[in-house]
Every structure is written in structure tokens, then in C-alpha cells.
Amino acid sequence: MEKREGIFPRNTRQIGEPGQGARVFIEDYVYTYLRQLAGDELTCMRTAALLGRRDTSGIYIQGALEADMGQERGKWFSNENWSGIFRNVQIWFDGLEVLGWYLSNPGFPVTLTDELKSLHRRHFPGQDTLFFLTDILENEETIFRQGENGLAPLPGYYIYYEKNEQMQAYISRQHGGLSIEPEGVLTDRAAVRFRSAMQEKKEKNSQKRLMTVLYTACTFLVMVILVIGVTMINNYDRMTSMESALYRISESLDEETGEDMEQAVQEENRLAAEEAVMEEAQTEEALSEAVTSQAEEGQEDAEAATEEGEETSQENSVAAQEDSTEETDVDTTAATEPERYLVQAGDTLLGICRAKYGGDERLDEICELNGLDDSDKIYVGQTIVLP
């Protein structure tokens with residue numbers, strides 16, 4: 001291919017001593033991309049196709065396409081690989097030609113082996129084709145150029161800067177929409193100003209986006225805080241109302257419970273008093289009936305004795321006397337009926353015993369007489385029989 005007329009780029013940085021012959025220029029976006037491609041994976045080889053143009057001033061590498069061909073060198077640059085490379089050239093670097101290839105082989109010396117020579121000679125047979133070999137771990141790199149005597153290492157090359165929109169677009173796609181900053185050092189002040197302006201613009205845009213995100217986040221946070229505050233106030237009011245209601249219910253229950261207990265005690269005392277009175281009345285009635293029955297029996301016996309005659313008068317008199325004696329005994333029994341005591345509020349069985357007998361010697365007798373197991377269990381209105 002004939003070389004076109006070219007102009008030596010103004011913004012360049014020299015690496016090594018280029019020496020005589022065709023000079024090689026690498027655009028700094030391309031150089032940065034190749035180094036990042038090698039640094040992304042330090043355990044396997046990475047390959048790429050070098051794209052650009054040739055003219056009378058030198059060989060210009062203006063683009064690089066990653067060509068993932070696996071780790072088996074014998075299968076590199078197959079028809080399928082070349083189809084993918086040419087398809088991407090048409091998409092991203094239309095108008096550029098394939099100048100050579102790039103290989104990153106971490107941990108291996110930057111040395112041209114027979115296998116690499118054979119690969120290059122078979123797939124890049126033309127003059128001035130390039131082979132860029134690097135070891136990113138040792139930070140070593142060498143560019144080989146195909147000449148009349150085969151591949152030979154270049155003593156030096158140039159890195160230059162230009163806008164290179166094609167390479168920037170490809171890098172952005174490879175990095176998910178993000179761009180990378182070239183590593184080349186520019187000596188041209190205009191280029192420095194241009195990059196500074198572009199960087200400042202990017203920073204402003206980033207700051208605007210960041211401020212927008214922060215503003216949105218702050219607004220959302222304020223809304224969340226307001227919602228939480230309103231909810232807490234409502235919950236506090238509800239809790240206060242609930243507490244007041246529970247307090248009122250508790251007071252009402254306490255009052256009702258107290259009244260119910262007092263009424264129950266009064267009712268129990270009333271029933272006990274009525275029961276005691278009824279028992280006393282029944283006892284007195286039974287005693288009265290017994291006395292009356294004895295008196296009637298005595299009267300009947302006296303009348304029978306009068307009708308029998310004088311012969312039995314003495315016997316009747318004796319019988320009458322016996323009946324009179326029995327009647328007297330009944331009257332005496334009625335007269336000696338046990339004393340009863342109605343329990344009053346504040347009374348105890350021990351207190352009643354001491355008040356009646358001057359001591360507690362007859363306390364057990366009182367308990368036995370009244371069928372009490374516990375001397376402390378008496379109630380108001382209960383009738384106590386005293387010996």
C-alpha cells in the first residue's frame with residue numbers, strides 16, 4: 001500500500017530512541033486502553049488488533065480492538081476471529097486498516113519466540129506490520145516491526161494526542177458507558193487547556209448530577225422524618241387516650257369491687273344474724289313444748305290416782321310427790337338452760353371467755369360446746385352457747 005503524505009503531529013512524547021527508518025506513533029487513548037486491557041486480567045493472555053494508517057511521516061496506531069481468541073495459540077486468528085475483527089472495524093473504526101496485533105503475556109519475558117514469529121509471519125506477512133508485546137507485571141513492553149529481515153524490535157516510538165472520537169466511543173462501550181483518561185504526557189499548552197476544560201466540564205456535570213441526587217435524597221429523607229414524626233405524635237396521643245381510658249376503667253372496677261364486697265359482707269352478716277335468731281327461737285320453742293308436755297302428764301297421773309280410791313291414796317300421794325319432784329326437776333332444768341351470747345362487732349372468743357369467766361381456762365369447753373374447731377372463726381350475729 002502506498003504511503004500518503006502526512007504531517008508530523010505537534011503533541012508528542014518520545015519513548016526511547018526511535019532511531020532510523022519508519023517511525024511509529026501511538027495515540028495516547030489507544031496506549032492507555034491497551035495497558036488497562038492488560039491490567040484487567042493478570043492470570044491469562046489478552047490480545048487485540050492494532051488499527052491505523054501509514055503515510056510518509058510514519059506509522060500511526062489510531063485504534064485497538066480487543067480480539068478474545070482464547071489461550072491456545074494454535075487456534076488464534078481463525079476465520080471466525082478475523083470475521084469478528086473486520087466487523088468491529090466497520091462499526092467502530094471505519095476507514096482504518098489493520099496494522100498488526102497486540103499481546104499481553106503477564107509473567108513472561110518480553111522476548112520474540114519462534115512461535116510468535118510464525119504467528120505474525122502467517123497472519124501479518126506485509127512490510128511495516130507491527131507486533132506490540134508487553135508484560136504488565138514487570139512493566140516491560142516492546143514494539144516489533146516487520147522489515148526485510150523479519151520482525152525486529154524498535155528502539156523507541158512516540159505517543160501523541162488527538163481528540164480520537166472513534167477510540168473514545170469504543171472505550172466507552174467497553175467500559176459500560178465510562179471513558180478513561182489517557183496516560184500520555186502532553187507538552188502542547190493548547191491541548192492541556194483543552195483537557196482541563198473538558199475535565200472541568202465533566203466535573204461540573206458530575207457535581208450537578210451529584211447535587212440533584214443529594215437534593216432528591218434530602219427531600220425524601222425530610223418527608224420520611226415528617227411522616228415518622230406525625231405517626232409518633234398520633235401514636236402518643238392514642239397511647240395517652242388509651243392510658244386515661246384504662247385508668248378510668250380501673251378506678252370504676254375498683255369502686256364497683258369495693259361496693260360489691262361491702263354489700264356481700266353486709267348481706268352475709270344479715271343472713272347469719274337472721275339464722276341465729278331463728279335457731280334461738282326454735283330452741284326456746286322446743287324447750288317450752290317439753291315443759292308443757294311434762295306438766296300435762298303430771299296432771300293426768302294425779303287425776304287417775306284420785307279415781308282409784310282411798311286404798312291407793314297413799315301410793316297416789318307418793319306418785320304425786322314423785323311427779324311433783326319430776327316437775328320440779330323439769331323446772332330446774334329449764335331454769336338452768338345454758339347462757340347464750342350474740343357475737344358483736346370486734347368480739348373474739350377469747351375475749352368473751354375472759355369477760356365471762358375472768359380467764360381463758362374454759363375456752364376449750366366453749367369451743368367443744370359450740371362445735372368450733374378454731375377459736376378465731378366467729379362472725380357478727382353468731383349465737384355462742386356459754387357453759
Side-chain angles (χ1 to χ4, degrees), residues 236 238-305 317-387:
Y236 177 77
R238 291 177 182 175
M239 290 177 64
T240 304
S241 301
M242 185 179 295
E243 185 178 358
S244 301
L246 291 174
Y247 180 74
R248 290 195 297 270
I249 292 173
S250 177
E251 286 185 342
S252 176
L253 290 175
D254 291 341
E255 292 176 358
E256 291 179 359
T257 304
E259 293 176 357
D260 291 343
M261 291 182 64
E262 185 176 357
Q263 291 177 1
V265 172
Q266 292 178 357
E267 182 67 17
E268 184 178 357
N269 292 337
R270 185 182 64 79
L271 293 175
E274 290 179 356
E275 184 177 355
V277 171
M278 290 178 64
E279 289 179 355
E280 184 177 1
Q282 290 175 359
T283 303
E284 290 177 356
E285 184 178 355
L287 290 173
S288 178
E289 289 178 356
V291 172
T292 303
S293 177
Q294 292 292 334
E296 289 177 354
E297 288 179 0
Q299 186 177 358
E300 290 177 355
D301 291 339
E303 290 177 354
S317 177
V318 172
Q321 289 178 357
E322 290 177 358
D323 292 339
S324 178
T325 301
E326 290 177 359
E327 185 178 355
T328 302
D329 292 338
V330 171
D331 292 340
T332 303
T333 303
T336 59
E337 179 69 21
E339 183 179 354
R340 299 177 181 278
Y341 180 80
L342 185 64
V343 178
Q344 304 296 322
D347 282 347
T348 63
L349 199 60
L350 180 61
I352 294 171
C353 182
R354 289 177 177 176
K356 180 66 178 175
Y357 303 107
D360 54 2
E361 292 81 3
R362 308 192 69 178
L363 180 63
D364 294 338
E365 187 179 353
I366 295 173
C367 290
E368 182 179 359
L369 186 61
N370 291 274
L372 300 175
D373 296 331
D374 190 346
S375 62
D376 292 330
K377 291 185 177 180
I378 60 175
Y379 54 86
V380 176
Q382 182 179 2
T383 301
I384 303 297
V385 179
L386 300 176

Of all pairs that satisfy side-chain hydrogen bond (donor to acceptor under 3.5 Å, both in side chains), the ones with a partner from residues 348-361, not counting sequence neighbours: E339-K356

Of all pairs that satisfy salt bridge (charged side-chain N to carboxylate O under 4.0 Å, His left out), the ones with a partner from residues 378-387, not counting sequence neighbours: none

Taking every non-hydrogen atom, the tightest pair across L349 and I378: N-CD1, 3.5 Å

Within residues 363-373 or reaching into it, pairs that qualify as salt bridge (charged side-chain N to carboxylate O under 4.0 Å, His left out) - sequence neighbours excluded: R362-E365

Contact summary for L369 and L386, nearest pair of heavy atoms: CD2-C, 4.0 Å

Minimum heavy-atom distance V380-A345, with the two atoms named: CG2-CA, 3.6 Å

side-chain hydrogen bond (donor to acceptor under 3.5 Å, both in side chains): pairs with one or both residues in residues 378-387, sequence neighbours excluded: none

Partner residues of Q344 under the side chain to side chain contact (heavy atoms under 4.5 Å, CB included) criterion, sequence neighbours left out: Y341, L342, D347

